[in-house]
Amino acid sequence: MAFRSLPPSLHPETLLVHGGSLRSEFGETSEAIFLTQGHVYGSAEESERRFSGDEPGFIYARFSNPTVAMFEARMAALEGAEAARATATGMAAVTAALVGQLKAGDHVLAARALFGSCRYVIEEFLPRFGVESTLVDGRDLDAWKRGIRPNTKTLFLESPANPTLDLVDIAAVARIAKAAGATLVVDNVFATPLFQKPLELGADCVVYSATKHIDGQGRCLGGVILASAAFIDAHIQTYLRQTGPAMSPFNAWVLLKALETLPLRIRQQAASAAHIADGLAGSAGIARLVYPGRPDHPQADLVARQMTGGSTLIALEIDGGKAAAFRFLNALRLVLISNNLGDAKSLITHPATTTHQRFTPQARAEMGVGEGLVRLSVGLEHADDILTDLKQALAASRA
Ligand SMILES: *Cc1c(COP(=O)(O)O)cnc(C)c1O
């Protein structure tokens, strides 16, 4: 059995259908689920060679499984990365990408506007083990430069950020990291692997929650870490093998098959989001609308430079704070109230009372998470049906 090898010059659509396929002797068309914990060996000598690494092959699903390997190879082909490692969740990927590189006495510098659990890992978890951390306004390049210390080992950012959809200049932050002898890890969930290529922009490592757009239908948790083979060998491989945040082969199969339709889904969802953003902009009841891809995005130049598509998400500041935002959410008939994103179903969340509830009002204000802010994840319904629903709910929120 060998991975199907394809010229990397092929388009993403093609790589996502064929990349990483590992066909068994049965010649199956669709990739198989190898739901097995382990593997058997023809002889004691073979098992010895497998464990010594002299013979390639699978050993135990905590660190290698054929279906998980197919998902990893397909993700690596899409990202243009030398190596990929799958994890049980997006947070397992983020944690591994950081913990795998760090030891007591090191310093992490990160953008303040982060997915809540990423902030927990950086602000609260790592310091328990003697790793210092500082948070800066990711949009402010001078703040990144000022934040560097002699012991800074890695920089971490998310762009566009959750839930404000602010961008960080990845190429500029990568240069700051390199100059300091530090690495840069980018959480690329909001941009998706289709619309932003952090490795090409100079990042050392990219992480995804595959739970979001990669699954795209709200079924499985998953995560993936992509980097050079040297980075994976030095920081990730042993950590994952010995600590065990492994992806289930079943989830890997669902996510692998979901990758085949990723471009179709993302392009449609982003086109619908652009249509909805244009349809809502300037409406009574909306204090502010942020959509990467509209010319009024505060960093429109950077969007054009750094991303090849907009986003499937829209941030809306509803006039009238929490009460109006709640009236708006409760009046929706089609769009569902949920904290998830990247789903085929349009989902909306009020970050201040859900994903960002545990922060103080001041910390939320620093992250741009106001009481009236809602985050809309646009799904695969017809864009006009979603827009009609949002407009009637907006009218109701003002009643
Ligand atoms: C969801 C998410 C995560 C965490 O992913 P899980 O799969 O839920 O663990 C990390 N970063 C961002 C930006 C996310 O949206």
Side-chain angles (χ1 to χ4, degrees), residues 68 71 75 84-99 108 110-126 135 138 156-168 170 184-196 198 203 205-226 240 243-248 250-252 254-255 258-259 266 269 273 292 307 311-315 338-343 347-349 351 354-359 367-369 373-379:
V68 177
F71 171 69
M75 278 303 304
R85 285 294 172 273
T87 53
T89 66
M91 281 320 303
V94 169
T95 306
L98 294 171
V99 172
V108 182
R112 184 175 294 131
L114 292 180
F115 184 74
S117 301
C118 297
R119 252 192 81 153
Y120 164 79
V121 170
I122 289 168
E123 248 188 325
E124 296 180 43
F125 179 74
L126 292 174
L135 299 170
F156 183 86
L157 66 87
E158 184 182 308
S159 180
N162 176 42
T164 53
L165 307 182
D166 291 323
L167 268 66
V168 179
I170 296 173
L184 172 62
V185 179
V186 175
D187 180 338
N188 207 36
V189 166
F190 273 51
T192 80
L194 288 170
F195 291 160
Q196 183 166 275
C205 177
V206 182
V207 290
Y208 290 100
S209 165
T211 312
K212 311 294 168 55
H213 303 87
I214 291 174
D215 178 301
Q217 295 177 64
R219 299 161 296 187
C220 293
L221 299 176
V224 59
I225 306 167
L226 298 121
L240 294 182
T243 66
M247 175 181 277
S248 141
F250 180 81
N251 288 6
V254 172
L255 297 167
L259 283 176
I266 297 308
Q269 286 170 249
M307 301 180 71
S311 171
T312 65
L313 292 126
I314 303 170
S338 173
N339 49 287
N340 210 359
L341 63 99
D343 202 280
L347 304 175
I348 199 158
T349 190
T354 58
T355 54
H356 291 66
Q357 186 189 102
R358 65 180 192 89
F359 294 103
M367 285 186 274
V369 180
L373 185 77
V374 298
R375 185 195 72 197
L376 172 67
S377 168
V378 175

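Note that the numbering runs from 1 along the sequence shown for the chain. Whatever order the structure lists ligands and atoms in, that order sets their numbers, starting from 1.
- For Asn188, the side-chain contact (heavy atoms from CB on, under 4.5 Å) test picks out Glu79, Val186, Ala191, Gln196, Pro198, Val206, Tyr208, with sequence neighbours left out.
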Need the list: ligand 1 N/O atoms against protein N/O atoms, distance under 3.5 Å, rounded to one decimal.
unit_1, atom_1, unit_2, atom_2, d
ligand 1, 5 (O), Ser209, OG, 3.0
ligand 1, 7 (O), Gly90, N, 2.8
ligand 1, 7 (O), Ser209, OG, 2.7
ligand 1, 7 (O), Thr211, OG1, 2.6
ligand 1, 9 (O), Gly90, N, 3.1
ligand 1, 9 (O), Met91, N, 2.8
ligand 1, 11 (N), Asp187, OD2, 2.6
ligand 1, 15 (O), Lys212, NZ, 2.7

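- With sequence neighbours excluded, no residue satisfies salt bridge (Lys or Arg N to Asp or Glu O under 4.0 Å) with Arg375.
- At distances below 3.5 Å, not a single donor-acceptor pair connects side-chain atoms of Thr89 with backbone N or O atoms of Gly222.
- Not counting sequence neighbours, Ser311 has no partner by the side-chain hydrogen bond (donor to acceptor under 3.5 Å, both in side chains) test.
- When each of Val207, Val99, Ile225, Val189 is tested with Val94 by the rule side chain to side chain contact (heavy atoms under 4.5 Å, CB included), just one qualifies, namely Val207.
- Put simply, the residue from Asn251, Thr211, Ile214 that forms a side chain to side chain contact (heavy atoms under 4.5 Å, CB included) with Cys220 is Asn251.
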